[in-house]
Amino acid sequence: MANQDENLKYIIGHAKEYGFVFPSSEIYDGLSAAYDYGPLGSELKNNIKQYWWKAMVQMNENIVGIDASIFMHPTTWKASGHTDAFNDPLIDNKDSKKRYRADVLVEEWVAKIEAKINKELTKAAKRFGDAFNEAEFRATNPRVLANQEKINNAESRFKTAMDAEKLDDVRQLIIDLEIADPVSGSKNWTDVRQFNLMFSTEMGAMTDGASTIYLRPETAQGIFVNFLNVQKTSRLKIPFGIAQIGKAFRNEIIARQFIFRMREFEQMEMQFFVRPGEEIKWYEYWKEERMKWHWALGIPQEKYKFHDHLKMAHYANAAADIEFDFPFGFKELEGIHSRTDFDLKQHEKHSGKKLQYFDPELNESYVPFVIETSIGLDRMFLAILSNSIQNEELEDGSSRVLMRIPNFLAPYKAAIMPLTKKDGLPEKAREILKILQQDYNCQYDEKDSIGKRYRRQDAIGTPVSITVDHDSLEDNSVTVRDRDTMQQERVAIADLPSIISGKLRLKN
RNA sequence: GCGGGAGUAGCUCAGCUGGCUAGAGCAUCAGCCUUCCAAGCUGAGGGUCGCCGGUUCGAAUCCGGUUUCCCGCUCCA
């Protein structure tokens, strides 16, 4: 591949040309960072979902699935922290054109002043030796006192301004503190603006009396608020998990890189509830399990790597990403987080309901700890798409566009084609189609030369092509051609179902 | 959101010092050929040149605005 830009462009072009992914509302010039899945794309996407659901829910007797509503009670987001944390005050420097979080600028300023105080303390400690009393020095030294007061003032002004949502005051604070852009040193700032990362809308037809609700920014909370419902109705014992596939929405300031970061996206999540104190064990377990799930697809293992988080989100005590080698480099594909008991505790607090599990073995109740595995469906789609597409040079000097989609995820499993359009071959081919399409998504094609039709199937990743010729009418046999090797073999029509199912089996 | 680049048929692009009914290759469709690995023959469909406005006798072409996409910065539970 020439370079990364060209590569991604090629993938986007191929995806559009063959009906995998279209820009949303394209006839109206499209909508930024929104995409539609076309006929082949929705097949592939559904197959990914099925693969995940099967691995998580069907293959684990202690994991069940739900499908929660996108709308949730507004208090949910207060409890989860999204209402506050998804509200960043941002400010731009007019000269450097850089954007910063206003709260970070203030924090950095505070850190600078604190450094001054510490310098003062170190100096004093040297001077006084063993007799040095830090608390006393802090309480009496005029320079330290003045600096400490500066910090206190700034922090309280910032807090007051944020609480009252007075963004002008935040800007004034930054100007008063003489904070300069770390890059350019410029103090030429724009207004402070708030970006709420959650989409809001009104519930209720009347504007008055309607309440603001949010489109969920993550699917996890739908699981947490249903924790007791599910645990009780499914008679689950800890450790157990609840899985969900669904859409989530984030009003990203900037959303780009094709379907990698969209404002509307789909997550496949599983929250695994465990005994407090056992979370790290299960965290490690799921890290491994999830990586195995990826490896089973047959995509080269070096395309994946773990990225352990050093800086944790407020709710987590351990976190790692599974990163994938996308056309634009290694980027997060899936997250595995030890979320502690943060979410359930928060919901207990805000709802006033007990969200606890009675552990018969320990004979006590507790709020379970949670391990989360969360994978972006659209990202998984892109991972498979970008890994599958290749231009293969053939021995005769020609080339073919090949989509090496893992067989069991392919949109079409088999293409059935008559060698020619005459002599009853189409009829025979359609007979076979009728049988196979009950179990497999198949395509019928009789247009153009047989070689051309093979290439067409290569370009959309169909693993098996079945060709009906004149002999087929006599002996009920057909030619089966493999997408990757291009090898052909003669088989009985009756054996087709088992041959196809053999090709769709997972690598383990 | 800022800066840079781009937008002509489904795709890749040509045309752009303003001037014939806007072209090519591939793709699509119909027919011929009846053929086991694309690119054989005949024909057809498909574009208000991203959109709006301006300059002009005349704009795909010049100017302004706008929108979408790509890249960089920024942001990212």
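First the proteins, then the strands, lettered A, B, ... as listed; each starts at 1.
Residue contacts shown for A:Arg453 are absent, as no nucleic acid heavy atom lies under 4.0 Å away. Across all strands, A:Leu419 comes closer than 4.0 Å to base atoms (heavy-atom distances). Residue A:Asp469 is in base contact, counting any heavy-atom pair closer than 4.0 Å across all strands shown.
A close approach under 4.0 Å does not occur between any side-chain nitrogen or oxygen of A:Lys421 and OP1 or OP2 of B:C32.
Residue A:Asp458 contributes atom CG, which lies 13 Å from atom C1' of B:C36 at whole-angstrom precision. Computed from coordinates, the A:Met486 CE to B:C37 P distance equals 9 Å when rounded to whole Å. Spacing between atom CZ of A:Arg483 and atom P of B:C37 amounts to 20 Å, rounded to whole angstrom units. To the nearest angstrom, C1' of B:U12 lies 12 Å from NZ of A:Lys16.
In this model, no donor atom of one side chain and acceptor atom of the other lie less than 3.5 Å apart for A:Tyr214 and A:Thr76.
In this structure, A:Phe258 has its ring center at least 6.0 angstrom away from the ring center of A:Phe260. Here A:Phe20 and A:Tyr18 keep their ring centres 6.0 angstrom or further from each other. In this structure, the ring of A:Phe381 has its center less than 6.0 angstrom from the ring center of A:Tyr37.
When the nucleotides B:A30, B:C37, B:U34 are ranked by their closest atom to the side chain of A:Lys447, B:A30 comes out on top.
Straight-line distance between the C1' atoms of B:A59 and B:C16: roughly 10 Å, to the nearest whole Å. Only the C1' atoms considered, B:C41 is 35 Å distant from B:U48, to the nearest whole Å.
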